[in-house]
Amino acid sequence: MTLTAILIVAAVLIGIGLYGTLSQQSFVMLMMGLELMLNGVMLAAVGFWSLTAGGLPTGQLLAIIVMAVMAVEMAAGFALITAVYRSRQADVTEGLTTLKH
Amino acid sequence: MPVGDVLPELSVLISAVTLLLAASFMRERDQWLAAPGALIGLTVAFAFCVAQLGEAPKLTFSGVWALDGASIWARLIILVAAALSVLLTPEWLRQDRRHGEYYAVLMLGTLGAMLLAGATDLMQLIIAVLLSSVTGYTLAAYHRNWPLSVEAGIKYFLVGALANALLVLGVTLMFGLFATTDYGELASRTDDGAQSMTLVAFSLVIVGVAFKLAAVPAHTWMPDVAEGAPPPAAAFLTIAPKVGAAIALARFVDLFPQDIPWRSVVATIAIATMSVGNLGALGQNDVRRMLGWSSVSQSGYALMAITVLGLDPYALPALLFFLASYAVANLAAFGVVTQLRGRTNLADYRGLATAHPLLAAALILSFLSLVGIPPLAGFVGKLALFVTTIESGYAWLAVVALINTVVSLVYYLRVLAPVYFAEPARPMHTLGYSAAAAVVLCAFFTVSLGGLADPLWRMLTEATLLP
Amino acid sequence: MLWVVALFPLLAAVIVHASPMRNRAALGASGCGVLLFTLLLTVFAGLEGWVGRFAWSIPLQFEVVLTSSSVVMALLVPVIALPVLAYAAVHERLRDLNRLVSLLLLFVGAMLLLVIAADLITLLIGWELVGACSWALIGHERQHASRAASARYAFVMTRLGDLGLFVAAMVAFSDSGTFAFAAIETLGAPQKTILVAGLLLSAASKSAQIPFAPWIFRAMDGPTSVSALLHSATMVAAGAYLLIRLEPTLAQVPWFGPTAIGIGLGTALAGGLTAMLQPHAKKLLAASTSAHYGLMFVAVGAGYPAVALTHLVAHAFFKALLFLSAGVAGREADSFYLTKMGFGRVLPITASATAVGGFALAGIPPLGAAWTKEMVVTAAGHFSPWLALVVMLAGALSAAYAMRFVYSAYGVAVNDTSATSRTTETIAISSLAAACLALSLYWLPSIQQTLGAWLATSFPTPPPWETIGSLLTVGSGLYTGLLIARKHPALGEDGPVSAYADWLGLPFAINRVVERPFSALAQHCATFDDAVIDGIVRRVSAGGLFAARVAYRGLDRLADGLPEGVTRWLALSGEDSRRFQTGLSHHYLAFMAAGAVVLAIILFAGR
Amino acid sequence: MNEIDIAFWIFAAIAVISGWRVFCTDSMVRASFLLLLSFIAVGLIMVLLNAPYLGIATVFMMAVEMMVMALFMVMFMMNPAGLNPMMMVHQHRFSIAAGVFVFAILTGLICVTRFTSNPVDPRIDSVASLGKELLGNSMLIFETAGVTLLATMVASVILSSRSGRFGMADTGAVPPPLEPGGEPAGRQPEQHSGHAHHHH
Amino acid sequence: MLTATILIPLLGAFALACTRLKEPTYRWLACSVGSVPLVLLVAVWIGFDTSTGASAFQYVVEYPWIPALGIGWRMGVDGIALTVATMSALLFVAAIAWPAETRGRAREYYAWFLFLEAVSLGVFLTLDLALFYVFFDLSLVGLFFLIGRWGHGDAERAAIKFFVYTFAGSLAILLAIIGLVLATDPLTFDMRTLIADQPLVGMDLRATLVLAGFIIGFGIKTPFVPLHTWLPPAHVNAPGPASAVLAGVLLKMGTYGLIRIPYSMLGDTFARYAFALAVLAVISILWGALVSMAQSDLKRRIAYTSVNHMGYVLLGIAAAATIGGEQAARQMALTGATVEMVAHGLITGALFLICGAFWQRTGDYNLEHYGGLSQIAPNLTRFTILASFASLGLPGLAGFVAELQIFVGAFSVYPWLAATALLGILITAALFLQMLQQLFFGALPTERGDFRDLARVEIITLAILVLLIVIIGIYPNWLLTPINSATGLLTGGV
């Protein structure tokens, strides 16, 4: 279990996540993609903490921060999706094209 | 724990919480009372900030929090902008049932922008971005029953979510490379030759911050928010986070040695941003959207100063002054829009000068200031930018900015022409007194910052940037 | 102090114009009074030897003096103007008479300034003022647009010559730092060449020499009195006078003599021919004016400015006389075509006076003009005998058209029934005739002595063969003239001859070679200015908007075409595809991701 | 190749595969559970990396979050149970390319980058050190994070709650009309918005 | 004193904007306020010391504005600034007094005019580069609103084109100013310092670029061919008084700026490119005259003659800048250029006011539609003829004094160019006479039968201008003395 291995796994997750973010029409699925990215990031963070930073507490904190980001964005995102769904009955990015140019 | 160093933030936070609680107990028709409350909180914070001006620049909270000229001035600008946008709000949201909470969110957003300006630790940076983003989405979508507003909100969110993800990724890589997130230590460790991974991490962080700055490539939310969000919120969102982010970006890039060619990157972003913004505004017939595009291009000008940071002592003061002048002028413009009940169609502005001479005058002043016509604030700001850019040997950048300025004149005039040259078709209704007061104040600042620029400028020249 | 001589009539002109005077008597009287006083002033100035100095700034110094030749001119101008103005006061239509009189006074004043000038700037000022006055006078009758056109023609044509004077002044200053005539002597050779060329150019244009001659026909649109003054003592005289005044300098340039003679002779012959073929009384006289100034050019070119001066004086008198009488005849015939005229019986006095003038024009002894013409012949002969012959030929021509004019205008003709001449006209005409006769004194050797002494030269003595030759040529000329007048009275009114009658087609050539191409050029420039120069600007500004669109399209492909290929791009509505801000969030996300990559690439590239 | 390595690889495989399946399943509910699976795997990897606290925290937090997400599906997403096949994607090729590209770039860089090798001492009490950090050097960050969470709660309540103290929370949440009794300024959304065209 | 010259009309403008009075009162109020600067400037003129050894800039006042950047409120005049400024003040009074169609917005109209007067005078009177730029830009703003609001035809477009085009120029100037000023240490925008120590000496490339900036900027403003195409539409659509001010005052800012800034502060570099400028000038002269000749629109025609006349000015400046020319000749050229500024201001001002009279009476600028007006409008005819002859450089009128000196001075530096430029006065003569012919001569079209002659106010206004033109033409010493005192210094004479 080397750092490289961990990071590569993280990279895979990030790649898949980015794919999801860019490809999904549904807001929810799109956010899942984001989650997956952050998942990879979190893995990388812990990996760094454990294998390069020599247990520097900052690393753990970073992981927590990433988690926080994830949570916050999920919450805000769901709230917004709800609002949009209520006012526009839209659940996909293509549903919202009034604001353009 | 040196609480004294975050007194302004604390007062903003406390007033936010207070407002939240108060809003949940006040009767519906008393909700507007939250506005004066917010003003009080901001005033107190302003006072504390001013008090900090005296102290010597320092890092506190074990290097997480910077108290230097840059952050203090930026926070002052943010507070003023927040206060003025509060003035715009009460009449606008009169019939909204969640009137009171708005101010709480606004205060938290202010807090986020302030934290951006002061952060000297990558994790603190992330949190600050997050705070100002999450409040920003809410403010943008505050007209929950109005399609445009929620659309603006969720588009803001989608762009923001990815930007934050990239930012977090970048920060994690930074941590992996340098085993720290503290600016001070970063600065000391970036010296030995940069690895390729550093460059990737660097550009990821830049994109993350560019999102708050509404700079290319993460500028796309700005026009939507400007058009869709409630104008008072739009006024706030086009200014406060931008001011904070500009300082944050300046701080961050300043950490890196020359073997990372960050100047060319920032310069590229600057050019792209000002050009895209101007081209976008050129054809607009929707005034609010036009203002959004124009504020994109203004970020581009601000980036000029960041490009030459450290090459010329005037770079930082120029940046701060430009941000201040931009803030007042932009607020004046959005204030006029608000006072005109969100009037946004270009044709609807015909004959404003006849119907409401004062509003027209304010609009003209703010636009001319945004173009940089002397002796308004914008002129001094642009002059300072050009001076520092040319002095640092980036004359070509100044030339590009010049061409962009000429282009921008066109779309500002496209609004001013009907405002002044035509006769009104229908009566134009206005909103109320506090919005009018805000407009007058902004116009006054726009003029006085230009005419009496010297004291401010002299103080700004003392400003420092840590670490 | 000498300035007064010129300034008084100028000032008086303004006053007269401002005054409410509108009736003939008052205007005539005041005008004549002004001229008389001017004359007295001139005499006094001459006796007292006044000079005048004035400066605008250190380099711009002005000076006026009276030399022997300028005294003569300065006296001649008011003397001629006096009867002309009196005539004008009764002859010209009452409407705008006030303006006419004041303009005539202005004319005189400007001419006097030109005459007494002792530096190029003063000369230039007078010179241009004279031109401007001529414009106003020719276009005096404003309701006819054609008059204004003629006035413009004349003014532009003469101003083209004025440029020569500008050049002269410029050269003088650039070399000597001053404009004074005195300084011209000291110029270097090349500068002097340019200077002389400039002076010659302006003199030729003012004196209606080839190729500038045609303007003098257009000038005939002006009132008769104007023509009379313009041809005798003012406008046209200025050119010849300039050469006379500066002859010593000019002569220092070797090519000046031949050139002047060439121009002069060419004009003399062409003008003579034109005049002979000209059925229009005033134009006939006008052409003869050119011809006679040509003779003066010849004299100056041959080195006898004094001769030219004397001829100028003589010419002034008889030409003024002839124009005035032509004016009377023209009014009575209600046309200036000779065929309509012929009032010998009803206007005997005018007729006889005209005859005197005509014979003077023809150069028949014992009239003074005959002597001066003889002198010209002699002068030319001194240059080369062949020249003398050509000049005689010119003399023959002038005799011919003089004869034609006198016979047709005031001979005995069918329509010679009723015609009236106003008293003042008659007086003016006959006084001029008297002057012509008086000039016969030229023949007296003693007078010649005094004249020569006064002008500090000696007149050449003609060899007998020349005298006989010129007498013969004059005789033959007279006969030809008589023949034309009797056999072909309408010669030149129509048919091929009429084309030649207009300066042998020179105006036509000018129109084709200069005017038309020029106006065409102007038009093209205007088109170019709008289409191209402004066009570029418009393109640039349009380019801004275009750039906006293109940028959008380009970036849009990036945000949109890149992902899904063209098909996907087409799937979007056209408007969307034109703008980068598609309104579709995933495009923004894609763009952001791509942007991050680009930034990284820039960073890598920058290392 | 000791047992830790084996475990790691297994978990890694689970994380990746389930992560990948998230976007291939027909039901959002399933998708969310797959995502949860991936998170759990990652959390277990963290445990392997001497970060038990973080690992467990992740597992629990994500468990809750995915429940919420699943609830959302059921509440008002179309096709909750994924009875009929669902493939809602756009700019697909680009997305795939982007994902692969990012993976390749990162992997390449990871291989060439020299990370300082400084493994954590298994004997240190990571939880305690984290606590010290939170209440010590990084206190401000921690506090700010707290504020942010507060803000998030407020925000989500404001945006999502259907009714408030004064009845329907959304009524009146519109701009003031341009003229009294008229419409607010600004463009109107096109009618077709809603469950918009899903292209494949 | 000079400060008051600017502040009084400025404050007057704001005061006027805040009042509520009857239409005519505004006119006279504005007129009286606007004439205060004229009085003050005349007083300054009287007190101006032209003796040799007198300091170049007099009546200097100085207050700090942004000391950190070396920007301050610096005022002062030399002979050139004084004469041009006084002419401008006079022209403004005339333009304000001229009866204008204010479309019920008299208050703003006259307020803008006073504002414009203040800032235009500021351009000529300031000794601080930053302030110069400030006033330079504000003048654009003022005129933009005047043209756009009270213009006719496609006024809005013309106004925007004018603003954008000239603003581009002024930004070029701004960059150039910065590039120039940054070479000073400590940083200062004080013109006197910049003139004194020629900051860019020895930095060839930078000096060239800075010069280019100035040339483009002032070239657009002046305007030179090919940067002139904003001028005709702006003129055609502007109200008479506004275009009188545009041609009479604003165009001078370009040439004045050339003399004041690049000529004085970049001496060597400017001299190096003097020949190119002279060529440009000759092109402008001939091109302006030619194109003008082909215009059938009265105002366009006169507008293009402005291009031609400003070409003379440029020729004079370029000749004066040339190294190796005779000092006396160069001084004469520069003096001529300055006199041309004054003369052209008065003459073209008068001509454009007359254009305004035409528009107010008929709303038609097409020359083809006129004729025979001399029969019913003798006064108009008189003034127009005088102004036109002055414009084509007839001796005894102001134009001649200027052009003579320019030609003579330029000839000893660039003989061929000067000689070529002479053609200009010939073409001008032709085109003006043609214009007069079409307007006043020939038969009177029936639809013009009710054409009113000039009213009393118009007569008085024009009379003052024309009288001044004549006086300058006959006895310009009072004008030449102060100018020469300045040009002497500028051309390195005593």
Side-chain angles (χ1 to χ4, degrees), chain B residues 312 314 317-318 321 353-354 357 361 364-365 368 371-376 379-380 382-393 395 398-399 401-414 416-423 450-462, chain E residues 17-18 64-72 103-105 107-108 112 119 130-138 140-141 144-145 147-151 155-157 159-183 187 189 206 209-210 213:
Chain B
D312 173 46
Y314 281 158
F321 198 106
T354 321
I364 292 171
L365 280 176
L368 293 185
V371 182
I373 299 284
L376 302 170
F379 163 67
V380 184
K382 271 217 173 102
L383 178 68
L385 280 183
F386 284 159
V387 167
T388 182
T389 319
I390 295 176
E391 176 72 353
S392 322
V399 173
L402 179 148
I403 297 166
N404 272 289
T405 309
V406 175
V407 175
S408 70
L409 181 63
V410 176
Y411 56 77
Y412 290 123
L413 290 187
R414 273 186 73 233
L416 291 191
V419 163
Y420 198 85
F421 300 154
E423 292 299 339
L452 313 169
D454 185 52
L456 178 58
W457 177 258
R458 206 171 318 159
M459 284 187 280
L460 290 182
T461 44
E462 264 114 50
Chain E
C18 304
W65 175 19
I66 310 180
L69 293 174
I71 300 173
R103 312 196 189 147
R105 284 228 200 153
R107 185 161 54 93
E108 298 157 53
W112 276 120
V119 295
L131 217 55
F132 177 90
Y133 177 77
V134 170
F135 288 129
F136 195 88
D137 263 8
L138 286 181
L140 306 185
V141 178
F144 166 73
F145 284 111
I147 294 179
R149 182 66 184 77
W150 290 277
E156 187 173 315
R157 222 165 144 279
I160 290 183
K161 183 175 185 179
F162 155 79
F163 197 175
V164 173
Y165 205 141
T166 43
F167 182 69
S170 69
L171 278 179
I173 294 173
L174 178 62
L175 283 192
I177 288 178
I178 295 173
L180 172 66
V181 166
L182 282 178
L187 193 64
F189 285 75
R206 181 171 176 182
L209 290 175
V210 169

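To find a chain, count down the sequence lines: A is the first, B the second, and so on, and within it residues start at 1.
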Most chain E-contacting option - heavy-atom pairs closer than 4.5 Å, from B:Tyr314, B:Phe386, B:Phe421 = B:Phe421
Is it the side chain or the backbone of E:Ala183 that comes within 4.5 Å of chain B heavy atoms, both, or neither?
-> neither
So CG of E:Leu175 and CG of B:Leu402: to nearest 0.5 Å the spacing works out to 4.5 Å
Region of E:Phe144 in contact with chain B, defined by heavy-atom distances below 4.5 Å = both
Where on E:Ile66 is there a heavy atom nearer than 4.5 Å to chain B: the side chain, the backbone, both, or neither?
-> both
Walk me through it: do E:Ile147 and E:Phe163 pass the test side-chain contact (heavy atoms from CB on, under 4.5 Å)?
-> CA-CA 10 Å; E:Ile147 294 179; E:Phe163 197 175; over 6 Å; no
Are any non-hydrogen side-chain atoms of B:Trp457 and E:Ile71 less than 4.5 angstrom apart?
-> no
Tell me, side chain or backbone of E:Phe135 under 4.5 Å from chain B's heavy atoms, or both, or neither?
-> neither
Determine whether more than 12 heavy atoms belonging to other residues, nucleotides or ligands lie under 6.0 Å from atom CZ of E:Arg103.
-> yes
Heavy atoms, side chains only, cut-off 4.5 Å: are E:Arg206 and E:Leu182 in contact?
-> yes
In terms of heavy-atom proximity below 4.5 Å to chain B, should E:Leu174 be classed as side chain, backbone, both, or neither?
-> side chain
Answer with side chain, backbone, both or neither: which region of E:Leu209 has an atom nearer than 4.5 Å to a non-hydrogen atom of chain B?
-> neither
Could you tell me which portion of B:Phe379 (side chain, backbone, both or neither) has an atom closer than 4.5 angstrom to a non-hydrogen atom of chain E?
-> side chain
Contact part of B:Val399 toward chain E, heavy-atom cut-off under 4.5 Å: side chain, backbone, both or neither?
-> both
Note, E:Ile178 side chain near B:Leu383 side chain (heavy atom, < 4.5 Å) = yes
Could you tell me which portion of B:Ala384 (side chain, backbone, both or neither) has an atom closer than 4.5 angstrom to a non-hydrogen atom of chain E?
-> neither
Cut-off 4.5 Å, heavy atoms of chain E, and the answer for B:Ile403 is neither
Answer with side chain, backbone, both or neither: which region of E:Val181 has an atom nearer than 4.5 Å to a non-hydrogen atom of chain B?
-> neither
Ranking E:Pro67, E:Pro64, E:Ala17 by heavy-atom pairs under 4.5 Å to chain B gives rank one to E:Pro67
For B:Asp454, which residues count as a salt bridge (Lys or Arg N to Asp or Glu O under 4.0 Å) partner, sequence neighbours excluded?
-> B:Arg458
Could you tell me how the ring of E:Trp112 sits relative to the ring of E:Phe145: parallel (under 30°), tilted (30 to 60°) or perpendicular (over 60°)?
-> parallel
Any side chain to side chain donor-acceptor pair (under 3.5 Å) pairs touching residues 162-182 of chain E, not counting sequence neighbours?
-> E:Asp137-E:Ser170
